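Reviewing the structure listed below.
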Amino acid sequence: MSGPAVRGLIPLGQLTILAGTISTASGPHAGANGHQLVHRFDFEGTRTLEWAVQRHAVIAGLFGIAAVCVWLLLHREGGERRALRPLGFVIALLAAQGAVGGIQWALKLPTEIVWVHVALATVTWLATLWTVASAGRLQPTTTAQRAAPLPPERERIGALSP
């Protein structure tokens with residue numbers, strides 16, 4: 001049951017990386033080399049960078065909250081524990097990313113810290129893939145499995161809820 005929850009982190013991670021890429025492409029480190037002219041995103045006018053960074057921060061925060069929720073799900077009694085260790089790394093990396101991102105914004109985006117943030121993003125994505133791989137393959141359910149009666153302890157819980 002925890003396999004789908006672990007896999008649910010993939011779209012959040014992808015969306016976080018996309019928002020970070022848009023933030024980078026909206027700011028001073030959009031990829032210019034020497035005197036090369038680079039067209040930055042400007043769909044919000046002069047506020048595009050701030051707008052993109054704010055959305056990136058919110059999405060990354062949701063990714064972090066979802067990762068903690070999945071960790072708690074895996075850690076509960078009867079939870080699948082194979083992915084706990086790599087997911088712990090993901091959570092730690094996301095916390096580090098939040099700190100680095102806040103620092104780089106406060107310091108007006110120094111190039112060196114931007115590169116640290118990008119490198120950490122790469123490692124975070126690899127750790128997310130490690131987490132999914134550790135969770136194992138999803139097992140298809142048959143019609144009989146879906147229609148199977150609840151075990152006695154689950155029937156009692158179900159009887160308490162409306």
Side-chain angles (χ1 to χ4, degrees), residues 1-76 78-141:
M1 191 65 168
S2 57
V6 170
R7 282 163 180 74
L9 296 174
I10 291 290
L12 282 170
Q14 291 172 326
L15 191 57
T16 302
I17 291 170
L18 174 65
T21 302
I22 291 169
S23 295
T24 301
S26 300
H29 307 296
N33 186 13
H35 297 295
Q36 185 180 22
L37 177 63
V38 174
H39 298 284
R40 291 171 176 78
F41 285 128
D42 62 356
F43 49 86
E44 289 289 321
T46 58
R47 293 188 30 87
T48 300
L49 176 60
E50 183 178 356
W51 184 93
V53 168
Q54 288 172 351
R55 271 64 181 178
H56 174 53
V58 168
I59 294 167
L62 291 173
F63 183 25
I65 290 168
V68 170
C69 289
V70 171
W71 188 88
L72 291 171
L73 178 69
L74 297 178
H75 207 269
R76 77 190 193 301
E80 179 57 58
R81 298 185 184 274
R82 290 182 295 192
L84 274 174
R85 182 170 180 239
L87 186 55
F89 280 105
V90 170
I91 293 167
L93 286 164
L94 288 171
Q97 280 287 78
V100 170
I103 291 167
Q104 79 179 25
W105 183 255
L107 296 177
K108 308 277 191 245
L109 306 173
T111 305
E112 298 80 8
I113 298 178
V114 171
W115 280 111
V116 169
H117 195 62
V118 170
L120 281 173
T122 304
V123 174
T124 302
W125 179 245
L126 292 173
T128 302
L129 295 177
W130 175 33
T131 301
V132 171
S134 296
R137 294 181 135 190
L138 290 176
Q139 299 299 320
T141 57

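In this chain, numbering begins with 1 at the start of the sequence shown. Given the structure is predicted, the values throughout are model-derived calculations rather than measurements.
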Task: Nearest heavy atoms of Gly64 and Leu94, plus distance in Å - done: CA-CD1, 3.8 Å

- [ ] Hey, could you give me the CH2/CG distance between Trp71 and Leu84, rounded to the nearest 0.5 Å?
- [x] 6.5 Å

Task: Contact summary for Ala83 and Val6, nearest pair of heavy atoms - done: CB-CG2, 4.4 Å

TODO: Taking atom CZ of Arg7 as the centre, report whether more than 12 heavy atoms of other residues, nucleotides or ligands fall under 6.0 Å from it.
DONE: yes

TODO: Determine whether Leu18 and Ile59 make a side-chain contact, defined as any pair of heavy atoms from C-beta on separated by less than 4.5 Å.
DONE: no

Task: Heavy-atom check, side chain of Leu120 versus side chain of Leu93, under 4.5 Å - done: yes

Open item on the list: Less than 4.5 Å apart, side chain to side chain, heavy atoms only: is that true for Leu87 and Thr128?
Closed with: no

Task: Side-chain touch Thr16/His56, heavy atoms, less than 4.5 angstrom - done: yes

Task: Contact summary for Ala5 and Val70, nearest pair of heavy atoms - done: O-CG2, 3.6 Å

Open item on the list: Determine whether Val90 and Leu9 satisfy the following criterion, side chain to side chain contact (heavy atoms under 4.5 Å, CB included), listing intermediate values before the conclusion.
Closed with: CA-CA 10 Å; Val90 170; Leu9 296 174; 5.7 Å; no

Open item on the list: If you count every heavy atom of other residues, nucleotides or ligands that lies below 6.0 Å from Arg81 atom CZ, does the total exceed 12?
Closed with: yes

Open item on the list: Return the CG to CZ distance between Leu74 and Arg82, rounded to the nearest 0.5 Å.
Closed with: 10.0 Å

For residues 102-110, tabulate all N or O donor-acceptor pairs below 3.5 Å that involve a side-chain atom, not counting sequence neighbours.
none

Task: Polar side-chain atom of Arg76 near backbone of Leu73 as donor-acceptor pair, under 3.5 Å - done: yes

Open item on the list: I'd like to know whether Leu129 forms a side chain to side chain contact (heavy atoms under 4.5 Å, CB included) with Ile10, so could you lay out the CA-CA distance, the side-chain angles of the two residues, the decisive distance to 0.1 Å, and finally the verdict.
Closed with: CA-CA 8 Å; Leu129 295 177; Ile10 291 290; 3.8 Å; yes

Open item on the list: Parallel, tilted or perpendicular, judged at 30° and 60°: which one describes the rings of Phe89 and Trp130?
Closed with: tilted

Task: Side-chain heavy-atom pair Ile91, Val68 within 4.5 angstrom cut-off - done: yes

TODO: Provide the closest heavy-atom pair for Leu12 versus Ala66 in the form atom of the first, atom of the second, distance.
DONE: CD1-CB, 3.5 Å

- [ ] Report the distance from atom CD of Glu50 to atom OG of Ser26, rounding to the nearest 0.5 Å.
- [x] 12.0 Å

